[in-house]
Amino acid sequence: MFKNKEYVLMVYKEKSFSKAAKKLYISQPSLSASVKRIEDKLGAPIFDRSTQPVSLTEIGEEYIRYAQGMEEKEQDFSRYVADHTQLLAGTVRLGGSSLFSSFILPSIIMDFVKEYPRIHFEITEDNTKNLMEKLSQGELDLVVDNAIINDENISSQIYTNEQLLLAVPSHLPVNEKLKSCALTAKDIKAGKHKKSPCYADLTAFADEQFIFLNPENDTGKRASRLFKKYGLKPHVIYYLDQQVTSYNIAGFGLGIAFVSDTLIKYMGEDPYLKYYLMADSEMTRNIYFYTKNSHYLSFACQRFLDFTLEKKRNS
């Protein structure tokens with residue numbers, strides 16, 4: 001009954017028989033017939049075809065759960081065999097947000113492939129929630145992110161830490177009051193914010209407009225908790241998915257954004273923004289590499305992880 005399970009999994013993934021058939025390079029009638037044969041063996045339907053898009057029946061949900069588990073084990077075994085026959089060759093599947101995928105991953109991959117040119121990388125860019133789902137389902141080997149994940153099936157190792165700052169449009173009058181603590185992008189790139197910190201108080205920005213990241217994002221959660229600590233209600237004009245977007249909108253003078261020194265170090269020196277530190281634990285966090293506990297980590301993937309963490313420790 002699990003023969004041709006990839007057909008069922010593709011229909012489930014695409015939520016459509018016609019789209020799944022195109023991805024599998026077979027005709028829709030052939031795909032429908034194959035799925036129907038599996039359902040006949042089960043003695044029950046997997047899909048409810050009366051809904052749009054097609055949905056799973058109760059038995060279908062269990063079938064998918066078992067089929068995904070079997071597929072992941074097959075992939076694990078393939079990687080195990082590849083490790084023993086090809087040594088350090090293969091593919092590492094990495095996931096990260098747009099920030100990490102754009103700025104952190106390319107540089108560390110470049111360093112690694114200089115020593116291990118036979119190892120290839122697939123990079124998936126997505127939000128934290130989707131990345132963790134893909135990691136849990138065995139679609140990714142590693143995820144780099146800054147969120148705190150409370151899942152006993154997920155392990156994490158600290159890569160580095162980062163500091164959150166307020167990115168404040170330079171035309172706002174509040175900058176004049178706080179000019180002794182104002183930082184430029186050049187200051188942050190030089191590490192001045194770590195050597196001689198001067199802290200601003202959140203209450204100074206109480207009447208300003210803010211750009212928040214969405215509530216499921218770690219930066220968004222920290223911003224909300226910070227305002228709650230101070231007993232303030234933020235005037236939020238935008239809720240966004242990506243830190244890079246909030247940074248760019250702040251640069252146009254539309255509001256204040258919470259951004260990390262990781263982002264500022266890699267971006268150009270925006271003359272229209274001033275940056276401020278705040279003395280609060282919410283403004284400091286770690287960046288982690290996450291792996292799934294039950295997932296077979298290939299030699300190539302483990303070597304990449306060890307290489308990257310050791311290089312960071314020695315830098």
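One is the number of the first residue; the rest follow in order along the sequence.
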With a sphere of 6.0 Å drawn around [atom1] of [X], does it hold more than 12 non-hydrogen atoms of other residues, nucleotides or ligands?
{"X": "Asp207", "atom1": "CG", "result": "no"}
{"X": "Lys19", "atom1": "NZ", "result": "no"}
{"X": "Lys192", "atom1": "NZ", "result": "no"}
{"X": "Lys22", "atom1": "NZ", "result": "no"}

Could you tell me if the side chain of [Y] sits less than 4.5 Å from the side chain of [X], heavy atoms only?
{"X": "Ile211", "Y": "Ile256", "value": "no"}
{"X": "Leu254", "Y": "Gln209", "value": "no"}
{"X": "Val143", "Y": "Ile154", "value": "no"}
{"X": "Asp145", "Y": "Ile287", "value": "no"}

Side-chain H-bond candidate by donor/acceptor type, [X] with [Y], under 3.5 Å:
{"X": "Gln243", "Y": "Ser260", "result": "yes"}
{"X": "Thr57", "Y": "Asp48", "result": "no"}
{"X": "Ser98", "Y": "Ser102", "result": "no"}
{"X": "Thr219", "Y": "Arg285", "result": "yes"}

Side chain of [X], backbone of [Y]: donor and acceptor closer than 3.5 Å?
{"X": "Lys189", "Y": "Lys265", "result": "yes"}
{"X": "Arg225", "Y": "Glu282", "result": "no"}
{"X": "Ser30", "Y": "Ser27", "result": "no"}

CG-OG1 distance between Asn286 and Thr160, expressed to the nearest 0.5 angstrom:
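Asn286 CG to Thr160 OG1: 8.0 Å, rounded to 0.5 Å.
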Approximate separation, where rounding is to 0.5 Å, of Tyr230 OH and Asp201 CG:
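Separation between the atoms: 4.5 Å.
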Mutual orientation of the aromatic rings belonging to Tyr290 and Tyr288 [parallel < 30°, tilted 30-60°, perpendicular > 60°]
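Because their plane-to-plane angle lies in the 30° to 60° range, the rings of Tyr290 and Tyr288 count as tilted.
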Check for me, please, whether Ile104 and Met132 land in the same ILVMFWY cluster - side-chain distances under 4.5 Å, paths through other members count.
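They do not share one cluster, since no chain of ILVMFWY contacts under 4.5 Å joins Ile104 to Met132.
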According to a hydrophobic-cluster definition based on side-chain heavy atoms being under 4.5 Å apart (Ile, Leu, Val, Met, Phe, Trp, Tyr only), do Leu263 and Ile188 belong together?
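Per the 4.5 Å side-chain linkage, Leu263 and Ile188 are co-clustered.
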I'd like to know if [X] and [Y] make a salt bridge, using a cut-off of under 4.0 Å between side-chain N and carboxylate O.
{"X": "Glu310", "Y": "Arg313", "answer": "no"}
{"X": "Lys36", "Y": "Glu39", "answer": "no"}
{"X": "Lys129", "Y": "Glu216", "answer": "no"}
{"X": "Glu71", "Y": "Lys5", "answer": "no"}

List the residues meeting ring pair (Phe, Tyr, Trp, His ring centres under 6.0 Å) with Phe17, not counting sequence neighbours, and say none if there are none.
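Counting only residues at least two positions away or on another chain, Phe17 forms a ring pair (Phe, Tyr, Trp, His ring centres under 6.0 Å) with Phe47.
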Tell me every residue that passes ring pair (Phe, Tyr, Trp, His ring centres under 6.0 Å) with Tyr239, counting only those two or more places apart in sequence or in another chain.
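Partners of Tyr239 by the ring pair (Phe, Tyr, Trp, His ring centres under 6.0 Å) criterion come out as none, since no residue qualifies.
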Whether Lys233 engages the ring of Phe227 as a cation-pi pair (distance to the six-membered ring centre under 6.0 angstrom, angle to the ring normal within 45°) should be assessed.
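No - Lys233 does not lie over the ring of Phe227 by the 6.0 Å and 45° rule.
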Determine, step by step, whether His193 and Asp261 satisfy the side-chain hydrogen bond (donor to acceptor under 3.5 Å, both in side chains) criterion, reporting the C-alpha distance in whole Å, the side-chain angles of both residues, the deciding distance to 0.1 Å, and the verdict.
CA-CA 9 Å; His193 63 302; Asp261 56 358; 3.0 Å; yes
